[in-house]
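Report on the following structure.
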Amino acid sequence: VITTRVGESDDGDVGAEAHGAEGLVQLRKDCMRVPCAGGGWLEVTELQPPGKKPMRAGDFVNGLKGSVVTVGE
C-alpha cells in the first residue's frame with residue numbers, strides 16, 4: 001500500500017456502513033475501501049503488488065473483476 005486516506009460512510013454517519021460490511025473490502029473506481037474497527041474506512045488509492053510497479057487502486061480493481069476481497073481477523 002502506497003497511498004491511503006481515512007474516510008467516513010457516504011452519508012456522513014461514521015461507522016454505519018463500515019460495521020455492516022462484515023469485513024468485505026469495497027472495490028470502487030478510484031479506491032479500495034477497507035472497513036476499520038472504529039467504524040470508518042481506510043481508502044487505498046495507490047498500491048504496489050509484489051513484483052510489479054506501483055499503480056492506482058482503480059487500475060488494480062479493474063483486474064479483480066469477479067473477485068471477492070475480505071479482511072482477515
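We're numbering straight along the sequence, starting at 1.
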Point to revise | Residue pair Leu47 / Pro49, side-chain heavy-atom distance below 4.5 Å | key: yes
**Study point:** NZ/NE/NH1/NH2 to OD/OE distance under 4.0 Å, Arg33 and Glu43
**Key:** yes
Exercise for review: Mind listing the closest non-hydrogen atom pair of Ala57 and Cys31 along with its distance?
Suggested key: CB-CA, 3.7 Å
Review point. Judged by atom type as modelled, is there a donor-acceptor pair below 3.5 Å linking the side chain of Thr45 to the main-chain atoms of Thr3?
Key: yes
Check your understanding: For Gln48, which residues count as a side-chain hydrogen bond (donor to acceptor under 3.5 Å, both in side chains) partner, sequence neighbours excluded?
Key -> none
Practice item. Considering only NZ, NE, NH1 and NH2 on the basic side and carboxylate oxygens on the acidic side, decide whether Asp30 and Arg5 come within less than 4.0 Å. Key: yes
Exercise for review: Using a 4.5 Å cut-off on heavy atoms from C-beta on, say whether the side chain of Val61 contacts that of Lys29.
Suggested key: no
Check your understanding: Out of curiosity, Met32 CE to Gln26 CD, how far, rounded to the nearest 0.5 Å?
Key -> 12.0 Å
